[in-house]
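Quantities reported herein were computed from a predicted structural model and do not represent experimental measurements.
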Amino acid sequence: MKKGKKNIAEGTLPGKRVDADINKNQSGSDFTMSEADIMKLLHELEVHRIELEKQNKELELAKEMAEFAAKQYGDLFEEIFEFSPAGYITLDREGTIYELNSSGANILGKKRGELENADLRLFVSQDSLSVLNEFLTRLFKTNHKQTCEVSFLAKEKPSLYVYIEGIVTGNSEKCLLTLIDISERKQAEEALAKAANQWQITFDALNDGVCLLGTDHRILRCNKAMVDLFPESGYEMIGKPCWEIVHGTPEPHEYCPLNNMMKSFKRESADINIAGKWFEVTVDPFFDNDNLLAGAVHIVRDITDKKVSLENLLRSEEIFRKAFKLHPGMVGISTIKDGKYIEINQHFTEILGWEHEEVIGKTAFELGLYADFNQRSEMLSLIEQKGSVKDYEVKLRTKAGEVRIGLFSAETIVMGQKECLLVQVSDVTERIRAEKALKESEIRLTELNATKDRFFSIIAHDLKSPFNNILGFSNLLADLVKDKSNNEIVEYAEIIKNASEQAMDLLLNLLEWSRMQTGRIPFNPEAIDIVRLVHEACKLSDVTARLKSIGIIEELPEKLIAFADKAMIGAVMRNLISNAVKYTNSGGYIVVSAQMPVNELLVSVSDNGVGISKTALEKLFRIEESISTKGTRNEKGTGLGLLLCKEFVEKHGGRIWVESESGKGSTFYFTIPMKGSIQV
């Protein structure tokens, strides 16, 4: 072998050796190869070819295995990506959604196809937009994992809070976000924070100074009222023993309620004078789950004013007792908490009839003192609002059951460390009765004056017209008799007849109404057949109705027995049916019905006539407003018919009313009770 030839074991392949030898020959150097060398070289080339084919097969196999593994891991990744409870979203720098899984779509509240290429910001609430924008900016700027919490717009939830964790992908233009719904946790945190805040607000709203103590007697927490009581310590009292703050001493006093509580394990309290001020100090223990003492609640209340008030009250007790006994009205003192009387004066017993020992220790409710017990609650409410009440009218019941009227005045006082009510009542029963009688007299006088004015108006106006007709046509009739003009004599005689009948109707109505007002009409209720009474009333108006071609329809049972005054109810029926005929146009109809629902008689007279205006409706059944309207053929009324109806119906304990609309007819109703309301 020639110089320069290298062994295959040293790393030179046969193919490379051939190339080297050929290159050497081409470079002009003297190069020759023996046949043995050529055969050996060919053998090496064959071996090399076989090795290459083997390596190629190994590479193919490795490739297939790699592709198989890649497919398996790819499918596994897709399953994890798709079915993960966390939402996965791929975004670009602009916030555009490229890809997301089912959980991500559920969080955003839409189908996956609707979300691809959409802007994630569209689903973020307004108050979280700045948080999301800052998060994305920070993520792409640092290329490091970033996190944030934002609220999303959710259709089915009041709020949807999401924790987001993001990383930038390999091409640095996109990022992968992991979204986790933390709504329940967030709501729990907010509820906890709200509860803590409300607790603190309530704690600070207490009027008494309150602090929580540990088992070492040191203050763990205090409210604003506690700081206000001891402003020199402020919130620096935290961590200090309570006696150092309250008493200003390095050791607790022997009467300290905290020391007593540590022995008794129950509430202890004491009134303590500190630097000229009085404090009521109360200590309550609280225990852990193992029922071991965990600390104490220390309550401090400034009772200086209460102590001073009590001392002043004690100093003036003798003066108060004398004034209490000599007061001309009823005076009593009761506790506000339970309402029990602790003292009353002599006038209380004289006016209401109870003995002193019968009242003391009892409540107004137990005595039945108030005719309307709600009045006491109303008065207490006024006292709470204003601090006192003055001249509140109440109805009090005596021991004998008589109701007396009093003017109630009261204010709160403190007696024996109890809040009490000092009550003074002036009996104004007789004065109220006199005022009521005077007011009723004034009302009656007004009614009588209206009646008188109405009588004068009727007499002056309604009687003037018929008598003028009678006098005028009588003179004409006398002249016609002389001339023997028979046709005109008949006409004028008819006019005189109608005018006379009108005047007679008026006089009869005036007479009946005045008798009714003075109680001279006898009231004789008896069992009567209402159906027959209606028949008779309709029969009386039948001639007038036929002249106007008006039909009268009776919707009645075969028999209807009622207990009533026949003459009065007959007069009511005649007036209502006569009025219906008067105000119904020719060719119209009238419906009269009677029935007895639930122990009362109900009668109605309905027409399809001219109706009654709203203004006129308000004046019906009123003497001071009574009106008389001409009928459809200028028929005149007395204006007293409906007043008589009202008086007669109310005499029976019933009521009368009308339903009407101008141009659409009217319906008059009246009822008569069949049990317990007849006035005899």
Exercise for the section: Please find out if less than 6.0 Å separates the ring center of Tyr370 from that of Phe365. Expected result: no
Exercise for the section: Determine whether Val359 and Glu355 make a side-chain contact, defined as any pair of heavy atoms from C-beta on separated by less than 4.5 Å. Expected result: no
Practice task
Would you list the pairs meeting salt bridge (Lys or Arg N to Asp or Glu O under 4.0 Å) in which at least one residue belongs to residues 654-669, sequence neighbours left out?
Solution key: Glu661-Lys664
Listing, residues 380-396 side-chain donor-acceptor contacts under 3.5 Å, not counting sequence neighbours, or none:
unit_1: Ser381; atom_1: OG; unit_2: Gln385; atom_2: NE2; d: 3.3
unit_1: Tyr392; atom_1: OH; unit_2: Glu378; atom_2: OE1; d: 2.5

Problem - Heavy-atom neighbours of Asp529 CG exceed 12 at 6.0 Å - result: yes
Practice task
Indicate the atoms forming the closest heavy-atom contact of Ile299 with Val210, along with that distance.
Solution key: CG1-CG2, 4.3 Å
Exercise for the section: Nearest 0.5 Å please: distance from the NZ atom of Lys240 over to the SG atom of Cys222. Expected result: 11.0 Å
Fill in the blank from the handout: In short, Met226 meets Cys211 closest at the heavy-atom pair CE-SG, 3.8 Å
Practice task
Please examine the side chains of Val592 and Ser604, heavy atoms only from C-beta on, and report whether any two atoms are closer than 4.5 Å.
Solution key: no
Problem - Other residues, nucleotides, ligands: >12 heavy atoms within 6.0 Å of Arg404 CZ - result: yes
Practice task
Answer yes or no: is there a donor N or O on one side and an acceptor on the other, between the side chain of Asn345 and the main chain of Met330, under 3.5 Å?
Solution key: no
Handout entry: Ser264-Glu268 side chain donor-acceptor pair, cut-off 3.5 Å
Key = yes
Fill in the blank from the handout: Output for pair (Cys645 SG, Phe668 CZ), nearest 0.5 Å, gives 8.5 Å
Problem - Taking every non-hydrogen atom, the tightest pair across Met261 and Ala296 - result: CE-CB, 3.6 Å
Completion exercise
One should read off an interatomic distance between Glu526 CD and Asp565 CG, to the nearest 0.5 angstrom, of 7.5 Å
Problem - Separation of Ile336 CD1 from Ile413 CD1 (nearest 0.5 Å) - result: 9.0 Å
Problem - Flag, side chain of Thr349 to backbone of Gly353, donor-acceptor distance under 3.5 Å - result: no
Exercise for the section: Answer yes or no: are there more than 12 heavy-atom neighbours, outside Glu190 itself, under 6.0 Å from its atom CD? Expected result: yes
Problem - Residue pair Leu213, Leu220: steps toward the side chain to side chain contact (heavy atoms under 4.5 Å, CB included) verdict - result: CA-CA 5 Å; Leu213 306 178; Leu220 302 175; 5.9 Å; no
Exercise for the section: Mark yes or no for whether Ser660, through its side chain, and Gly665, through its backbone, hold a donor-acceptor pair below 3.5 Å. Expected result: yes
Practice task
Report yes or no: do Gln424 and Ser426 form a side-chain donor-acceptor pair below 3.5 Å?
Solution key: yes
Practice task
Please confirm whether Phe523 and Phe648 have ring centers closer than 6.0 angstrom.
Solution key: no
Practice task
Quick one: pull up OH in Tyr341 and NE2 in His356 and give me the separation to the nearest 0.5 Å.
Solution key: 12.5 Å
Handout entry: Heavy atoms from other residues, nucleotides or ligands near CZ of Phe286 exceed 12 (cutoff 6.0 Å)
Key = yes
Exercise for the section: Could you verify whether a donor N or O on one side chain and an acceptor N or O on the other, from Ser269 and Thr282, lie under 3.5 Å apart? Expected result: no
Practice task
Count the heavy atoms belonging to other residues, nucleotides or ligands that lie under 6.0 Å from NZ of Lys306, then report whether that count exceeds 12.
Solution key: yes
Exercise for the section: Measure the NZ-CD1 distance between Lys340 and Ile360 for me, rounded to the nearest 0.5 Å. Expected result: 12.0 Å
